[in-house]
Amino acid sequence: MIINAVKHLPECDDFTFTAIDFERANNSYASVCQVGVCTVRGGEIVDKAEYLVRPRKGIDYFLPQNTAIHGITEKDVDNAPTFAEVWNEIAPHICGYALAAHSFRDDEKTLAAALKANRINYNYEKYGHICTLELAIRTKTHGDDNKYNLEALSKHFGITIVPHHAGADAEACAKLVLAFAHSLSVTSLKELASISQEPDIHFPEFPDRLTCNDIDKLERFIYKTKHKKDLTISDYPKTHLLENTRKILQSYSYASLDAETALSAKALSLWVGKISSAIRNRSRQNNDNGWWYRKMRNKKSQY
């Protein structure tokens with residue numbers, strides 16, 4: 001089984017990027033109520049901004065749990081610009097540059113939903129991204145109590161932050177990127193982004209000799225891996241091959257299968273073919289023995 005990451009890396013090596021952060025009114029990813037951007041050019045913060053946003057009609061309600069986090073209410077955004085209006089302001093800082101975010105996966109969903117809802121066509125994936133959360137996890141860098149959240153990591157690196165304010169969060173994220181580069185002695189944004197996008201794959205633990213339950217576990221792992229957005233998988237056993245394997249293990253106790261063989265479609269296919277051939281030969285031998293036994297019994301009955 002071969003698993004590779006589909007990486008979206010920055011085109012440039014120097015630390016030129018824009019950190020972003022969003023706050024939402026409710027569970028809709030398009031319900032942006034605040035945007036923060038922090039512009040970094042050549043490793044220096046050159047601009048930062050924060051905007052309140054009035055969500056589109058139909059998704060402009062505020063859930064109490066969201067307000068409890070960021071403190072923004074419907075009244076605060078009554079006279080605020082729409083996302084489309086704010087986009088006109090922030091686009092020069094975003095378009096054509098790599099993006100940084102803490103938990104980029106979540107902010108990416110918010111950005112994509114907001115762009116789509118406002119019929120704005122922009123392919124941010126083309127210019128790459130870096131995720132400070134994934135970077136922290138990959139490098140095993142964490143704050144107090146093994147926490148990887150933005151506040152804990154900011155404290156770890158001595159960065160001042162007012163949490164859950166989009167502008168402050170975007171600035172803290174930008175500073176985290178630069179702090180990670182310094183602590184890891186990485187001089188290329190592309191290299192740092194590549195570290196953050198390394199696949200976090202946890203293979204199931206298997207015994208020396210697999211059982212049907214292990215095949216079930218393997219099938220679930222393959223299904224989940226196939227449906228991960230930024231991973232490609234090849235040389236993995238398909239459903240029919242796993243089903244044949246399961247039948248063999250259920251019916252023939254002498255069939256022994258190890259994890260290395262099971263994880264490769266080619267190796268497992270050869271194993272199934274070899275075991276199936278041995279089963280046929282054993283069955284043929286049993287039939288031949290039965291025929292000889294019946295023949296001798298019939299001869300004895302003639303005397």
Side-chain angles (χ1 to χ4, degrees), residues 1-9 103-106 108-109 112 125 128-129 131 133-135 137-140 148 191 193-303:
M1 188 184 305
I2 302 170
I3 301 175
N4 291 312
V6 179
K7 295 184 177 182
H8 301 283
L9 300 178
S103 185
F104 183 81
R105 188 175 302 174
D106 186 65
E108 176 190 28
K109 290 178 181 178
E125 289 186 341
H129 72 266
C131 177
L133 173 60
E134 296 295 342
L135 191 56
I137 293 171
R138 298 296 178 277
T139 59
K140 295 181 172 58
Y148 292 98
E191 182 183 348
S194 182
I195 295 171
S196 79
Q197 294 179 40
E198 282 297 316
D200 187 22
I201 303 168
H202 300 283
F203 280 93
E205 292 186 4
F206 293 118
D208 294 336
R209 185 172 178 176
L210 273 61
T211 66
C212 290
N213 288 337
D214 296 315
I215 299 302
D216 294 341
K217 189 192 299 185
L218 174 59
E219 191 166 24
R220 289 192 296 270
F221 170 76
I222 292 171
Y223 178 83
K224 289 179 181 178
T225 305
K226 281 172 58 181
H227 288 82
K228 286 188 176 181
K229 179 183 177 183
D230 294 325
L231 291 179
T232 62
I233 179 172
S234 59
D235 189 31
Y236 65 91
K238 304 292 196 299
T239 302
H240 71 278
L241 182 56
L242 291 174
E243 183 59 32
N244 288 338
T245 302
R246 198 179 283 110
K247 288 177 180 177
I248 289 172
L249 293 176
Q250 282 176 340
S251 304
Y252 304 96
S253 58
Y254 58 83
S256 180
L257 176 64
D258 60 76
E260 185 178 356
T261 301
L263 287 171
S264 166
K266 294 177 182 177
L268 186 59
S269 182
L270 289 172
W271 180 87
V272 168
K274 182 179 177 181
I275 296 296
S276 298
S277 178
I279 291 169
R280 285 193 297 270
N281 289 338
R282 182 170 293 193
S283 177
R284 190 179 299 115
Q285 185 178 9
N286 289 338
N287 287 336
D288 290 344
N289 290 339
W291 172 81
W292 179 255
Y293 174 77
R294 287 192 300 274
K295 182 178 179 182
M296 294 303 296
R297 188 177 60 183
N298 289 338
K299 277 189 175 183
K300 286 182 179 180
S301 65
Q302 295 175 3
Y303 295 100

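Residue numbers start at 1 and run along the sequence shown.
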CG of L249 to CG of N244: how many Å apart, nearest 0.5 Å? 11.0 Å
Should the heavy atoms of other residues, nucleotides or ligands under 6.0 Å from CZ of R105 be counted, would the total exceed 12? no
Is any side-chain heavy atom of D214 less than 4.5 Å from a side-chain heavy atom of L218? no
Quick check for you: to the nearest 0.5 Å, what is the distance between L263 atom CG and L210 atom CG? 8.0 Å
Closest non-hydrogen atom pair between D258 and T261, with its separation: OD1-N, 2.9 Å
Any I279 side-chain heavy atom under 4.5 Å of Y252 side chain: yes
So does Y223 have more than 12 non-hydrogen atoms from other groups sitting under 6.0 Å from OH? no
Donor-acceptor pair, S276 side chain versus G273 backbone, under 3.5 Å? no
Which of parallel (below 30°), tilted (30 to 60°) and perpendicular (above 60°) describes F203 and F221? tilted
Does Q197 reach the main-chain N or O of H129 with its side chain, forming a donor-acceptor pair under 3.5 Å? yes
Quick check for you: to the nearest 0.5 Å, what is the distance between L241 atom CG and W271 atom CH2? 9.5 Å
State, yes or no, whether a side-chain contact exists between L135 and C131 at a heavy-atom distance under 4.5 Å. no
Looking only at heavy atoms, which two atoms of P237 and L268 are closest? And how far apart? CB-CD2, 3.7 Å
Would one find more than 12 heavy atoms of other residues, nucleotides or ligands at under 6.0 Å from atom CD of E125? yes
Passing option when E219 is tested against K224, R246, K238, K226 for salt bridge (charged side-chain N to carboxylate O under 4.0 Å, His left out): R246
At what distance, to the nearest 0.5 angstrom, does CG of D235 lie from CD1 of I3? 11.0 Å
Roughly how far, to the nearest 0.5 Å, is CG of L257 from CZ of R209? 9.5 Å
Would you say the side-chain atoms of K217 pair up with the backbone N or O of E205, donor to acceptor, closer than 3.5 Å? yes
Side chains of M1 and T225: does their closest heavy-atom pair fall under 4.5 Å? no
In Å, rounded to the nearest 0.5 Å, how long is the span from OG1 of T211 to CZ of F206? 9.5 Å
